[in-house]
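Worksheet: the structure to be examined is printed underneath.
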Amino acid sequence: MTIETETEDTDNVNIFEVSDVNVYYGDFRAIRDVSIDIEANEITAFIGPSGCGKTTMLRSFNRMNDLIPTARVTGELKYRGVSLYDKRVDPVEVRRRIGMVFQKPNPFPKSVYDNVAYGPRIAGNVSKGAEMDDLVESSLRKAALWDEVKDRLKSSALGMSGGQQQRLCIARAIATNPDVVLMDEPCSALDPIATGRIEELMAQLKDEYSIVIVTHNMQQAARVSDKTAFFSVEVSEESDLRTGILVEFGSTDLMFSNPTDERTENYVTGRFG
Amino acid sequence: MTEELRKVFHEELDAIKNATVRMAGRVSEAIVRGTDALLSGDLDAALALIENDDAIDAMSIDLEGRCYQVLSLQQPMASDLRAITGALWINGEIERSADLMSNVCKASRRIHGKTIDPIVRGLIEQMSAEAARLFRLSIDAYNEGDSGLAAALDDIDDRLDELNEDTVEAIFASHKNTTEPDLQLSVQLALVCRYYERIGDHAVNIGERVTYIVNGWMPENTGAMRAAARANEDKGEK
């Protein structure tokens, strides 16, 4: 089934509507009862300590958890009004619309050009030379990489710097013309200058795409995002099991200047171990 | 899970607050001693207080630098961010209050040897006591994070505003029966009233910052609210 979007592009459209979502790995419940609405053309940041389930939540948005045999999602997770985990929904189509950028830059061991062209070629919607050239160029331009690589499109992507590789992965993700870009700690392997370029890029991309980013860097969340969700870990007293929960979600301005929940306050001020 | 992670940073935040309160203590003292110098015509005491203001300026500059240091190195968030930006504001209010007492001392030199009307004199004593009380309360509110007390300061300040009006009226009244009014004396005394009245306003500002530090509420500003209302009206018309 292809995904028909229910809404036209207007302001304040929810790209994701999550209600009472639980994600299990086997018997272990990684996140519990998360409900959150994510708006289109905004940057939403997920922050929280290790093991709080923020990456698990992110991976649920493009069904990356399907690739883990024991993973199971309950509750409702809607993308533009369509239930993402409906049996009729094709996960490949989901991942074309909802792209992902990972923590470590992971370009294919191919040329710069072929990395960007890979997705469109597989999707089969663009194949001709000139058309593909245009798509590769526009994707690299959007990823703020074109000027640096236009003379070495045929050389291996593995010869690029870490920051360039990550921008190449962003170019690769947007080449298939997605609607959403998920980013899982995209700057944690990069130096401050490369990080700055990715942050700048995110601000440019949000006009066209909705972005959800998981980050360990609170200042980064504060700098780049419009809304922030704080996840935390709840430890069961009886079983010592740890479960991720959503503590607070709101405008980034408020989350970092005057959060409502004491647990958020303790985390962002570092009064939390 | 509740282990303190940023101990050195939070100790510095506490130290900045303590130093701010200590600086305010010196200003509290200056209000009382400055008024004594004015009313007793003690030039040495007035000079000592003017010099004391330099020391307060030095404390203020030092504190400001420490705040910038924390902002740039620690990137504080949430209540820490409010604590440090609040300290910067309050620092300015305290420093300005000290300047005003320095002005009182300078006025006392200009009117040295002149006789102050007994009613005006009494009112100045009252204004000084009220300004000192208001200032001390604002610093108590800051020190203890007492947003209730902070919110009450604006009302308490009404008393000082009334005294200010009374004193100006008394200055006029004291000239009723004179054919040659002493303009220098009158102008200086009117300015002195104004200085105390301004100290009260600074105390109210400190209270607003305390409210922000404690609750995260930005101070209500009637001017800003009027501007927003006008902007909304304009939008409605279009």
Side-chain angles (χ1 to χ4, degrees), chain A residues 11 45-53 187 192 195-196 199 215-225 227-237 240-245 247-273, chain B residues 1-18 66-90 141-142 145-148 150-151 207-221 224 228 235 238:
Chain A
D11 287 343
F46 289 179
I47 60 166
S50 300
C52 70
C187 302
T195 299
E199 289 179 3
T215 175
H216 267 302
N217 180 335
M218 268 184 287
Q219 275 74 29
Q220 179 170 69
R223 278 193 300 268
V224 304
S225 70
K227 301 235 173 71
T228 298
F230 170 57
F231 289 81
S232 190
V233 187
E234 216 172 60
V235 185
S236 158
E237 279 178 19
D240 203 36
L241 274 179
R242 301 157 71 89
T243 311
I245 52 162
V247 174
E248 188 172 352
F249 177 54
S251 87
T252 298
D253 287 352
L254 277 180
M255 290 288 281
F256 290 108
S257 68
N258 190 19
T260 308
D261 197 289
E262 204 188 338
R263 290 168 292 178
T264 316
E265 170 81 31
N266 287 341
Y267 182 71
V268 300
T269 58
R271 290 180 178 85
F272 184 100
Chain B
M1 288 299 286
T2 50
E3 180 194 335
E4 167 74 71
L5 279 182
R6 303 174 75 186
K7 221 169 164 201
V8 175
F9 161 49
H10 288 128
E11 279 168 5
E12 173 63 0
L13 277 187
D14 289 344
I16 286 174
K17 182 174 174 177
N18 290 338
R66 283 169 70 180
C67 290
Y68 294 152
Q69 190 87 348
V70 167
L71 279 171
S72 57
L73 299 183
Q74 302 288 350
Q75 303 181 326
M77 296 241 184
S79 59
D80 295 342
L81 180 66
R82 303 202 303 273
I84 206 73
T85 51
L88 270 171
W89 270 89
I90 288 171
Y142 173 52
D146 185 342
S147 58
E208 285 176 347
R209 294 298 143 188
V210 171
T211 307
Y212 178 66
I213 292 171
V214 177
N215 300 324
W217 296 342
M218 287 298 266
E220 282 180 12
N221 183 305
K235 240 190 225 167
K238 279 172 195 166

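Throughout, a chain's letter reflects where its sequence line sits, starting with A, and its residues are numbered from 1.
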>> Restricting to side-chain hydrogen bond (donor to acceptor under 3.5 Å, both in side chains), what partner residues turn up for A:Ser236, sequence neighbours left out?
In response: A:Ser239

> What pairs with B:Ser79 under side-chain hydrogen bond (donor to acceptor under 3.5 Å, both in side chains), at least two apart in sequence or on another chain?
Replying inline: A:Glu265

>> Checking an interface table here. Which of residues 251-260 of chain A come within a heavy-atom distance under 4.5 Å of chain B?
In response: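 Answer by number: A:Phe256, A:Ser257, A:Asn258, A:Pro259.
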
>> Show the nearest heavy-atom pair for residues A:Val268 and B:Met77, with the distance to one decimal.
In response: O-CB, 3.5 Å

> Under the 3.5 angstrom rule, does the side chain of B:Gln75 hit a backbone N or O of A:Gln219 as a donor-acceptor pair?
Replying inline: no

> side chain to side chain contact (heavy atoms under 4.5 Å, CB included) with B:Asp14: which residues, sequence neighbours excluded?
Replying inline: none

>> Using heavy-atom distances under 4.5 Å, tell me whether B:Arg6 contacts chain A through its side chain, its backbone, both, or neither.
In response: both

